[in-house]
K.L.:
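One structure is given below, represented as structure tokens, and several questions about it will come after.
Keep in mind the model is a prediction, meaning the values are calculated, not measured.
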Amino acid sequence: LQFSKEKYLLESPPEKLRKELEEELKLSSSDMRSHGWYHGHIPREVSETLVLCSGDFLVRDSLASAGDYVITCRWQQEVLHCRVSEVPVKGAPARPRYHLENETFDSLPALVRHHAGTGRPVCPRTGAQLLCPVNRTLPLRYLEATFALASGHSGSAHSPSTQRGAHIKRRSVTMTDGLTTEKIIPHSPSTVHHKDVMRNCALSMDQIQEFRCPLSPVGETTLSPAYSSVSRHRHGSGGRVLAVIPPSPVMRRSSEPHLSPFPSNNNLPCSDTPPSAQSASAHGYPSVGSEAGGGYCELRPGRPPTPPSKSYVERLRVEECRAPGSSPPDGGDGFALPLVETSSGFKPGSYQSPLLPAENKPLEMGVLKKVKELLADVDPKAAAMHITKVDCMVARILGVTKEMQRMMGVGSGLELLTLPHGHQLRLDLLERFYTMSIMMAVDLLGCTGSTEERAALLHKTIQLAAELKSTMGNMFSFAAIMRTLELPQISRLEQTWMALRQRHTEGAVLYEKKLKPFIKAMNDGKESCVLSSTCFPHIVPVLSLLERGLAVGEGLEAWENSECGVDVVMSHLEAARSIAHHGSLYRTNAEGKLQGTTPRQEVLEIFCTEFQMRLLWGSRGSEGSQSERYEKFDKVLTALSHKLEPPIRHSEL
């Protein structure tokens, strides 16, 4: 057997590499190795392939001037290399200073923090800013060995970092490391993937075009590099490289967003980067120790890029880094920057309805009487159908045009509400949830007839909740109606609930034994709705999680007063992933359930959120502060409840 120094050095087990990287990143912040954006001794050409979007940056050793550093960054389709000179301090040779343009800093991390945190350009000529660090996912020793082998000399001997003194010592590559091929984890596609990646990057520096590639343990095709200046096409029998083709850029996001003065940029697709054909590992390097089918996508040579789908994530993977004006692959529609909504979709001030005068007061008697008559005339099943239709329009499950999809960047509102730029939609849905709940409470508490009449109306409300849950599969409004029934102003009506149990026993049993336990289990993350029969999933916990600081709710959520709070949160976040993924299925279910129905326009109107806001708070108060509106109406509901069944005074006991 012939000994290969290259194979000996580079074929390290992924577990060993991951632990080595973790040890580096745990070092003191004064040690350069502790910073993920520092890539050490990598060539200029490789650094240019790692910065893909405008604002991406990394720091590497200067190969031309030992002891200096270079900040490589991309700004508006141009890759810049800004040298940071190491300036010795008289009388303190062990503590040099670092000079960039006309600025001097005590340390390189201080320089990076200053420019990334303040947005100050690193290059005044171009205005280039450091927005998003590109972090390494392999240890410096491994990177240094790789590129030193490519140029045919020892990595540690020629690395500027090893010549700066003991404060930045690095492990040299020696025979005592014990990195032998016997330690490679068997049957691990990621193992071969890591070695393939680094070896190809190293060989590309010398433009080596023939190389015997190791095969994947699970097949006869090689796993292609995640960041390489070459990609290889293999011959079916020989396994050799037949051509050198340009690389595919990489979709990635920074793992250190706090460095960026504009954190929202991390969530927006980049439009000023090279053409993209496929996706790969984050930040160019493969994820150390990652398993096949994990969080990163792998390139596979010779396969055409996947055409963009309606999924926001899939479209980003394919189209995020395409240059402006370039045509999408396979003649598909190009990806446009989503529109970030800044104002509510509800405009009660300009809302017009035949049921409302131009100017109305809160709970105006004439309007309230018409609403109660319409609700009394509609059976629970028909009411559930009307509510579901309006819900699906508000949530953008139905009625979504191509133009709306282009503006949202996704095909469904259920996908949008899980994304950063779905903030306003989440607030609108929470507004609808609470307003619908208050509206139904007013209907119940506004029944000033006998206790039996209130019990009958309470029974009808329970039937409405059951129809929303079982017939329509609308968990959103089902949760709103259940919230109405659980309001303290409703639950305290002991005489009404007693009459319900006596005259409508089946309704009372349905509520206590089925509906209440079901909504509690859903809120606790222990129950989920049947996917095939649901048109609007239970999204209220997700909305509350994502907008907890801005949305106005009551009391603590299930995860805030439970010993299993973390499990509850994780369950709802996993549900959000599923909701976004099955947006098209919910749309199909909604279309099927509403097919053949003929809604009445006046009934649709009373379930519109703008109408309910005008009815509850009047034409002037409907556009006031949300917290003030809810607080005032909580007092109104309490007054109505006490009027129906006055509280027992202590003096009467």
K.L.:
Ion pair present between Glu547 and Arg426, side-chain N to carboxylate O less than 4.0 angstrom?
P.N.:
yes
K.L.:
Using a strict threshold of under 4.0 Å (side-chain N to carboxylate O), is an ion pair present between Lys514 and Glu506?
P.N.:
no
K.L.:
Kindly indicate, with the supporting measurements, whether the criterion side chain to side chain donor-acceptor pair (under 3.5 Å) is fulfilled by Arg614 and Ser619.
P.N.:
CA-CA 5 Å; Arg614 285 279 299 271; Ser619 52; 4.8 Å; no
K.L.:
Side chains of Pro354 and Glu605, heavy atoms from C-beta outward: is any pair under 4.5 Å?
P.N.:
yes
K.L.:
Strictly below 4.0 Å, N to O, side chains only: are Asp377 and Arg600 in salt-bridge contact?
P.N.:
yes
K.L.:
How about Ser544 and Val540: do any of their side-chain heavy atoms sit closer than 4.5 Å?
P.N.:
yes
K.L.:
Please determine if Glu486 and Arg483 form a salt bridge, counting it only when a charged side-chain N lies under 4.0 Å from a carboxylate O.
P.N.:
no
K.L.:
For the side chain of His572 and the backbone of Asn523, is there at least one donor-acceptor N/O pair under 3.5 Å apart?
P.N.:
yes
K.L.:
How would you list, by chain and number, every residue that makes a side-chain hydrogen bond (donor to acceptor under 3.5 Å, both in side chains) with Thr418, sequence neighbours excluded?
P.N.:
none
K.L.:
Would you please classify the geometry between the Phe476 ring and the Phe536 ring as parallel, tilted or perpendicular, with 30° and 60° separating the classes?
P.N.:
parallel
K.L.:
Using 4.0 Å as the upper bound for N to carboxylate O, is an ion pair formed by Lys520 and Asp524?
P.N.:
yes
K.L.:
Could you tell me whether a side-chain N or O of Glu591 sits under 3.5 Å from a main-chain N or O of Thr588, the two making a donor and an acceptor?
P.N.:
no
K.L.:
Apply side chain to side chain donor-acceptor pair (under 3.5 Å) to Thr435 and Gln612, showing your working.
P.N.:
CA-CA 7 Å; Thr435 303; Gln612 294 175 354; 5.5 Å; no
K.L.:
Kindly indicate whether the side chain of Leu445, heavy atoms from C-beta on, has any atom under 4.5 Å from the side chain of Leu493.
P.N.:
yes
K.L.:
Applying ring-ring contact (aromatic ring centres under 6.0 Å, His included), can you list everything that pairs with His386, at least two apart in sequence or on another chain?
P.N.:
none
K.L.:
Between Thr484 and Ser437, does the side chain to side chain donor-acceptor pair (under 3.5 Å) criterion hold? Intermediate values first, please.
P.N.:
CA-CA 5 Å; Thr484 298; Ser437 180; 3.1 Å; yes
K.L.:
Report yes if some heavy atom in the side chain of Val410 is under 4.5 Å from a heavy atom in the side chain of Gln405; otherwise report no.
P.N.:
no
K.L.:
Is the backbone of Gln489 close enough, under 3.5 Å, to the side chain of Ser641 for a donor and an acceptor to pair up by distance?
P.N.:
yes
K.L.:
Quick one: side chains of residues 363-376, donor-acceptor pairs under 3.5 Å with protein atoms, not counting sequence neighbours, listed by atom name and distance.
P.N.:
from	atom 1	to	atom 2	distance (Å)
Glu364	OE1	Lys361	N	2.9
Lys372	NZ	Asp443	O	3.1
Lys372	NZ	Asp443	OD1	3.2

K.L.:
Output, in order, the C-alpha distance, side-chain angles, deciding distance and verdict of side chain to side chain contact (heavy atoms under 4.5 Å, CB included) for Leu416 and His421.
P.N.:
CA-CA 7 Å; Leu416 175 63; His421 64 285; 3.4 Å; yes
K.L.:
Please check if the side chain of Glu467 supplies one atom and the backbone of Met472 the other of a donor-acceptor pair under 3.5 Å.
P.N.:
no
K.L.:
Checking Thr401 side chain against Met404 main chain: does a donor-acceptor pair fall under 3.5 Å?
P.N.:
yes
K.L.:
Are His582 and Ser578 close enough, and set up right, to give a side chain to side chain donor-acceptor pair (under 3.5 Å), and what steps lead you there?
P.N.:
CA-CA 6 Å; His582 294 104; Ser578 175; 3.3 Å; yes
K.L.:
So, Tyr434 versus Tyr630, ring centres under 6.0 angstrom or not?
P.N.:
yes
K.L.:
Taking all heavy atoms of Ser343 and all of Gln424, pick out the closest pair and write down the distance.
P.N.:
O-CG, 3.2 Å
K.L.:
Given Lys460 and Asp379, is the salt bridge (charged side-chain N to carboxylate O under 4.0 Å, His left out) satisfied, shown in steps?
P.N.:
CA-CA 8 Å; Lys460 186 175 181 180; Asp379 63 88; over 6 Å; no
K.L.:
Look at the side chain of Ser412 and the backbone N and O of Leu414, then say whether any donor-acceptor pair between them is shorter than 3.5 Å.
P.N.:
yes
K.L.:
Classify the ring geometry of His459 against His504: parallel below 30°, tilted from 30° to 60°, perpendicular beyond 60°.
P.N.:
parallel
